[in-house]
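Just dropping this structure here.
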Amino acid sequence: MIIMNSDATKEQIDAIVKEIKKYGLRADVSRGAYRTVIGLVGDESKVPFDRFAILPGVKEARMVETPYKLISREYAKLSGEESEHRVVKAGDIEIGGSEPVFMAGPCAVESKAQLLKIAEGVKMAGAHVLRGGIFKPRSSVHSFQGLGAGGEEEAKEALLWLREAGDRFEMPVVTEIRGEGQVDLVADYVDIIQIGARNMYDQDLLTKVARKGKPILYKRHFGAGIEEFLSFAEYMVAENNRDIILCERGILPLGKGRNYTRYTLDISAVPAIQKETYLPIIIDPSHAAGRRDLVFNLSCAGIAAGACGLLIEVHHNPVEALVDGQQMITPDELKDVINTCQRIHQAIGPRKN
Ligand code: PEP
Ligand code: MN
């Protein structure tokens with residue numbers, strides 16, 4: 001990264017950007033309150049850092065060895081640009097602000113009536129964001145893949161229901177995209193685009209979604225270490241989209257752990273990640289547990305660990321659900337989760353990380 005003098009001129013900054021481009025790299029220009037910091041995006045081994053250090057207006061040219069830097073606290077601090085935390089705005093909702101945000105809704109959108117009923121229920125329970133899957137990532141080709149699998153018309157219809165439900169109950173909406181071909185379509189309807197755990201590593205998808213400029217709910221893969229998760233998040237910030245909400249949703253359980261929970265919720269990832277990056281992180285207790293009787297406690301634990309919010313699967317009649325019925329809670333149960341988590345949040349006070 002190139003750290004400019006606090007009195008560097010626009011011409012000097014432009015000259016550095018031009019110079020970076022000469023080496024086939026891109027420049028992430030972060031104009032902060034005190035100074036401008038320019039992050040190099042691309043293969044840095046091609047760049048003679050010593051040469052940059054002596055160009056006019058440059059305070060320091062520093063090689064950063066970590067695989068992620070644009071999302072790092074260190075980078076943000078240098079420019080003084082980011083406040084301590086990134087607050088991601090979706091409609092009137094702030095994710096990463098002073099209050100925890102609750103996102104809730106069915107695993108999959110099944111019908112308009114189902115979605116509207118659940119949307120009303122989660123709103124009454126105190127949820128802020130409505131979720132609903134239309135393109136479902138499934139382990140078996142023989143299971144329900146979401147209404148989006150029926151073709152573009154079916155996908156559009158379901159997206160319209162989601163939009164309508166969100167508008168009617170005044171909640172921004174989030175749905176997952178599973179492949180590059182769905183990005184343009186989905187981006188027209190939703191406030192937040194979800195990238196699921198199984199797609200965490202898909203660089204081309206990350207880039208394409210990031211370019212839409214909308215907030216992204218980005219899930220950690222169940223086999224990914226924290227460094228990998230953050231390194232791949234960097235792909236989106238490299239496209240100049242800093243509205244990334246990270247989501248911990250459980251990692252592969254050890255031994256016979258799978259007999260007890262679907263995944264293992266990595267609670268310690270929350271404060272550990274908050275030390276590294278200014279991006280907000282939320283918890284998905286539903287996919288981690290895979291069973292509804294654990295969702296309450298895991299939700300409490302997530303908020304106690306400092307998560308900025310929760311993503312919870314809710315259905316008015318879980319036994320009827322086509323997908324993930326075993327882990328969905330009812331709107332009444334959600335209300336209890338939200339009330340209790342708000343009290344926990346009060347008790348632990350402002351974020352320590
Ligand atoms: C989901 O949120 O619907 C989902 C499939 O989650 P994950 O990608 O975490 O498995
Ligand atoms: Mn699900």
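Numbering of ligands and ligand atoms starts at 1, following listing order.
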Report, in ascending order of atom number, the atoms of ligand 1 lying under 4.0 Å from any heavy atom of Glu313.
-> 3 (O)
Evaluate the side-chain contact (heavy atoms from CB on, under 4.5 Å) criterion for residues Met103 and Ile95: first the C-alpha distance (whole Å), next the side-chain angles of each, then the deciding distance (0.1 Å), finally the verdict.
-> CA-CA 10 Å; Met103 309 187 185; Ile95 302 124; 4.1 Å; yes
Considering the options Leu310, Ile303, Leu298, which one meets the side chain to side chain contact (heavy atoms under 4.5 Å, CB included) requirement together with Ile283?
-> Leu310
Looking at Lys219, which atoms of ligand 1 are within less than 4.0 Å of one of its heavy atoms?
-> 1 (C), 2 (O), 4 (C), 6 (O), 7 (P), 8 (O), 9 (O)
Specify side chain, backbone, both or neither for Pro137, according to which of its non-hydrogen atoms lie closer than 4.0 Å to ligand 1.
-> side chain
Should you measure from each heavy atom of Arg131, which atoms of ligand 1 turn up under 4.0 Å away?
-> 1 (C), 2 (O), 3 (O)
Verify, without hydrogens or angle tests, whether Arg73 (side chain) and Gln274 (backbone) share a donor-acceptor contact under 3.5 angstrom.
-> yes
Please, which pairs that meet salt bridge (Lys or Arg N to Asp or Glu O under 4.0 Å) have at least one residue in residues 326-342, sequence neighbours excluded?
-> none
Within a radius below 2.8 Å of the Mn ion (ligand 2), how many protein N, O or S atoms are present?
-> 4
Identify the residue among Glu176, Glu313, Met171 that makes a side chain to side chain contact (heavy atoms under 4.5 Å, CB included) with Arg131.
-> Glu313
Is there a donor-acceptor contact under 3.5 Å linking the side chains of Asp43 and Tyr23?
-> no
Sub-4.0 Å atoms of ligand 1 with respect to non-hydrogen atoms of Gly196 = 8 (O)
What residues, two or more places apart in sequence or in another chain, satisfy ring-ring contact (aromatic ring centres under 6.0 Å, His included) together with His128?
-> Phe102
From the candidates Met200, Arg249, His287, the one that places a heavy atom nearest atom 10 (O) of ligand 1 | Arg249
With distance as the sole criterion, is a donor-acceptor pair present between the side chains of Gln326 and Arg292 under 3.5 Å?
-> no
Say whether Ala197, considering both its backbone and side-chain N or O atoms, lies within less than 3.5 Å of an N or O atom on ligand 1.
-> yes
Sorted by first residue and then second, give each ring-ring contact (aromatic ring centres under 6.0 Å, His included) pair with at least one member in residues 179-222; sequence neighbours left out.
-> Tyr201-His221, Tyr201-Phe232, Tyr218-Phe229, Phe222-Tyr263
Looking at Ile71, Ile226, Asp266, which hits side chain to side chain contact (heavy atoms under 4.5 Å, CB included) with Ile273?
-> Ile226
Is Lys136 in polar range of ligand 1, meaning some N or O pair under 3.5 Å apart?
-> yes
